[in-house]
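Report on the following structure.
Note that this is a predicted model, so its numbers are computed, not measured. Hydrogens, waters and symmetry mates play no part in the numbers below; they use all other heavy atoms, side chains included. A, B, ... follow the sequence lines: proteins, then strands. Residue 1 opens every chain.
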Number of protein chains: 2
Amino acid sequence: MSQAAKTPRASSADAAILQVLRPELRHLTSKQIHTAVRKQLPAISLVTVYRSLERLARAGQVSISDMGTGAVVYARVTESLHHHLICQDCGGIVTIEHAEVGRWFAALSRRHGFKVTTNHLVLFGLCAGCQATHR
Amino acid sequence: MSQAAKTPRASSADAAILQVLRPELRHLTSKQIHTAVRKQLPAISLVTVYRSLERLARAGQVSISDMGTGAVVYARVTESLHHHLICQDCGGIVTIEHAEVGRWFAALSRRHGFKVTTNHLVLFGLCAGCQATHR
DNA sequence: TTTTCACTTGCAAAGATTTGCGTCTGTGCG
DNA sequence: CGCACAGACGCAAATCTTTGCAAGTGAAAA
């Protein structure tokens, strides 16, 4: 009734999805995850994958990002968080460490009392090369 | 050339969309924009609205943001850029000035030679109130 | 052990966004 | 003026993601 603790409730889908995402460094689409998870749970539906991913994201275990590829991609959140800068011209991707972003998030927290939980930031722009080309 | 105001369908949808977005401070969905633009161009299709918005976004005149409401929202980019911090618990929205974000973007530019063009950032997290509730 | 109840899942359907393709239009050029 | 080309549009169809509803399941309560 009044206890604030949630019941994690063993969901086979969640475990299987984390299993699939564990060894992957690259971000996977819902389709790819569904295909991979089927090896463990042949009958699992794509809808369940979506719902499971949303659940895991809410729990901070998975990141959901739109990298501008047409389909959203998901990745397991690890200790070594990273973020991406994507060049809208050449499609090049620059990876930056979390420390650099975390410092700024901390500043936001101090100034606005808002604790950012976004764990994978994607910023679009122009890489050094394309900026040169553009002038 | 001559008049640009009454061409039945040959004129670009871009102008009509900017017209619709101009007075709005709030972000509109593709559906809402489509409905509004129809008053000027009754025959315009939703697909054209999407393509036009993408074009305008590429030109830096419109921002595209996923505020977690189920549908992406679009807004006209003005001189007074702003960004949002959205509480994933209560849905509350904190608006922050661009200056605060721009400083960080400038730092990224110095460090990585990457010029961010994202003009409306949305970060999810917990507001001060909900952080307190969560403890 | 049985009951309870919130959470999970599937299926079908809805909603949102993108893409393929053929047509039409405005622009620059000869 | 007439032509060629690139870009804009509409329509239909494909994708991607979410939602409504009914049924299944597990953990804690009774």
Side-chain angles (χ1 to χ4, degrees), chain A residues 1-20 27-38 40-59 61-75 88 91 124, chain B residues 1-19 27-38 40-59 61-75 88 91 122 124:
Chain A
M1 308 279 122
S2 54
Q3 76 284 17
K6 319 114 202 228
T7 315
R9 180 64 179 293
S11 162
S12 49
D14 296 15
I17 288 178
L18 286 178
Q19 190 81 344
V20 166
H27 303 246
L28 298 177
T29 65
S30 56
K31 217 54 165 302
Q32 295 173 311
I33 293 172
H34 184 215
T35 301
V37 167
R38 281 217 220 197
Q40 298 304 312
L41 304 172
I44 195 172
S45 83
L46 179 57
V47 173
T48 297
V49 171
Y50 275 113
R51 285 199 266 230
S52 188
L53 285 168
E54 186 193 324
R55 204 181 305 143
L56 291 168
R58 226 173 11 236
Q61 301 194 69
V62 161
S63 68
I64 303 181
S65 323
D66 180 351
M67 313 254 285
T69 55
V72 168
V73 290
Y74 305 81
Q88 59 197 169
F124 293 89
Chain B
M1 299 294 128
S2 44
Q3 309 292 21
K6 55 198 313 186
T7 319
R9 53 183 288 276
S11 75
S12 164
D14 297 17
I17 290 180
L18 287 178
Q19 190 82 343
H27 303 245
L28 299 177
T29 65
S30 55
K31 218 53 165 304
Q32 295 174 309
I33 294 172
H34 184 215
T35 300
V37 168
R38 281 217 220 197
Q40 299 303 313
L41 305 171
I44 195 172
S45 84
L46 179 56
V47 173
T48 296
V49 170
Y50 274 113
R51 285 199 266 232
S52 189
L53 284 168
E54 186 194 323
R55 204 181 303 141
L56 291 168
R58 227 177 6 239
Q61 301 193 68
V62 161
S63 67
I64 303 181
S65 324
D66 180 351
M67 313 254 284
T69 55
V72 168
V73 290
Y74 305 81
Q88 60 198 167
V122 175
F124 293 89

Any side-chain N or O of [X] below 4.0 angstrom from OP1/OP2 of [N]?
| X | N | value |
| --- | --- | --- |
| A:Lys31 | D:dC16 | yes |
| B:Ser45 | D:dG10 | yes |
| B:Tyr50 | C:dT18 | no |
| A:Ser30 | D:dT17 | yes |

(request) With axes from five pairs an end, tell me the bend angle of the helix from C:dT1-D:dA30 to C:dG30-D:dC1, nearest 10°. (result) 30°

Can you see which heavy atom on [X] is nearest to which on [Y], and at what distance?
| X | Y | value |
| --- | --- | --- |
| A:Ala57 | A:Ile64 | CB-CD1, 3.6 Å |
| B:Gln32 | B:His27 | OE1-O, 4.2 Å |
| B:Asp66 | B:Phe124 | O-CZ, 3.9 Å |

In whole angstroms, how far is the [atom2] atom of [N] from the [atom1] atom of [X]?
| X | N | atom1 | atom2 | value |
| --- | --- | --- | --- | --- |
| B:His34 | C:dA16 | NE2 | C1' | 14 Å |
| A:Leu46 | C:dT9 | CG | C1' | 13 Å |
| A:Leu56 | C:dT8 | CG | P | 10 Å |
| B:Arg51 | D:dC11 | CZ | P | 11 Å |
| A:Arg55 | C:dT9 | CZ | C1' | 9 Å |
| A:Met67 | D:dC16 | CE | C1' | 17 Å |
| A:Ile44 | C:dG10 | CD1 | C1' | 11 Å |
| A:Leu41 | C:dG10 | CG | C1' | 14 Å |

(request) Would you please name every residue forming a ring pair (Phe, Tyr, Trp, His ring centres under 6.0 Å) with A:His34, sequence neighbours left out? (result) none

(request) Please figure out whether A:Gly70 or B:Thr69 has its closest DNA chain D nucleotide nearer the 5' end. (result) A:Gly70

(message) Nearest heavy atom decides the nucleotide; on that basis, is A:Tyr74 or B:Val47 closer to the 5' end of DNA chain D?
(response) B:Val47

(message) Which residue in the set A:Leu41, A:Val20, A:Ile17 passes side-chain contact (heavy atoms from CB on, under 4.5 Å) when paired with A:Val49?
(response) A:Ile17

(message) So, applying side-chain contact (heavy atoms from CB on, under 4.5 Å) with B:Lys31, which one of B:Ile33, B:Leu28, B:Thr29 is it?
(response) B:Thr29

(request) Please round to the nearest 0.5 Å and tell me the distance separating atom OH of A:Tyr74 and atom CD of A:Glu54. (result) 9.0 Å

